[in-house]
Novice: 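Have a look at this one.
Proteins get letters first, then strands, A, B, ... in listed order; numbering begins at 1 in each.
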Amino acid sequence: AQSVSQHNHHVILSEAASLELGCNYSYGGTVNLFWYVQYPGQHLQLLLKYFSGDPLVKGIKGFEAEFIKSKFSFNLRKPSVQWSDTAEYFCAAASTGGFKTIFGAGTRLFVKA
Amino acid sequence: ETGVTQSPTHLIKTRGQQVTLRCSSQSGHNTVSWYQQALGQGPQFIFQYYREEENGRGNFPPRFSGLQFPNYSSELNVNALELDDSALYLCASSPVEGSTGELFFGEGSRLTVL
């Protein structure tokens with residue numbers, strides 16, 4: 001069955017700490033991968049995406065993610081978090097040519113000022 | 001550029017009632033998808049509409065139905081409401097058929113079933 005798993009439900013970091021959020025997917029065939037973010041009081045928005053090519057993708061606000069096919073992983077990273085990164089982060093996957101995107105359960109990140 | 005808008009933002013219904021949620025897609029987007037997000041979970045795919053037809057469906061019963069109109073706006077209808085239908089309902093539009101690209105989300109309609 002198609003699924004997306006996020007390793008941590010809640011993460012608390014101090015400003016300037018490094019961030020890595022884990023994501024694993026289970027999918028048959030070619031898959032497109034995404035990280036979405038929901039800041040407090042705002043709608044879900046795309047942070048970054050991977051379709052093909054360079055497995056290290058860069059998104060907005062200094063975030064990056066690495067696609068490791070052998071591990072079925074697409075982890076999100078940021079070298080130094082800011083208080084404004086406090087949000088909920090969702091990993092998501094969609095099969096190429098398909099019609100649905102499957103989301104993980106989300107990780108709530110709280111950054112202490 | 002007008003983003004995805006949803007209405008109403010909040011509503012309360014009782015078990016057994018019916019509800020209609022509305023969504024206006026982002027300008028230039030012809031595909032609309034609906035998601036259910038229960039508390040503490042990620043969005044779950046309900047169905048997608050393209051060219052006014054259901055293009056794909058998730059694991060939701062037939063009492064969840066939808067429509068897409070010629071202007072690409074959409075409705076989600078839920079009949080015979082159950083307590084477990086309490087959730088945030090998200091509408092997402094995209095500029096191409098299928099949802100393999102970026103989804104543009106509205107702020108959602110929060111439904112409470114008592």
Novice: Is the gap between the ring centers of B/Tyr72 and B/His29 under 6.0 Å?
Specialist: no
Novice: Keeping the roles fixed (side chain from B/Ser74, backbone from B/Leu67), state whether a donor-acceptor pair exists under 3.5 Å.
Specialist: yes
Novice: Just by distance, do the side chain of B/Gln17 and the backbone of B/Thr14 share a donor-acceptor pair under 3.5 Å?
Specialist: yes
Novice: Which residues in residues 106-114 of chain B have any heavy atom lying under 4.5 Å from a heavy atom of chain A?
Specialist: B/Gly106, B/Glu107
Novice: Check for me whether the distance between the ring centres of A/Tyr27 and A/Phe72 falls short of 6.0 Å.
Specialist: no
Novice: Taking the six-membered ring for Trp, is the centroid-to-centroid distance between A/Tyr36 and A/Phe103 below 6.0 Å?
Specialist: yes
Novice: Do A/Phe63 and A/Tyr89 make the cut of ring centroids closer than 6.0 angstrom?
Specialist: yes
Novice: For the candidates A/Leu46, A/Val31, A/Ile102, which exhibits the highest count of non-hydrogen atom pairs separated by less than 4.5 Å from chain B?
Specialist: A/Leu46
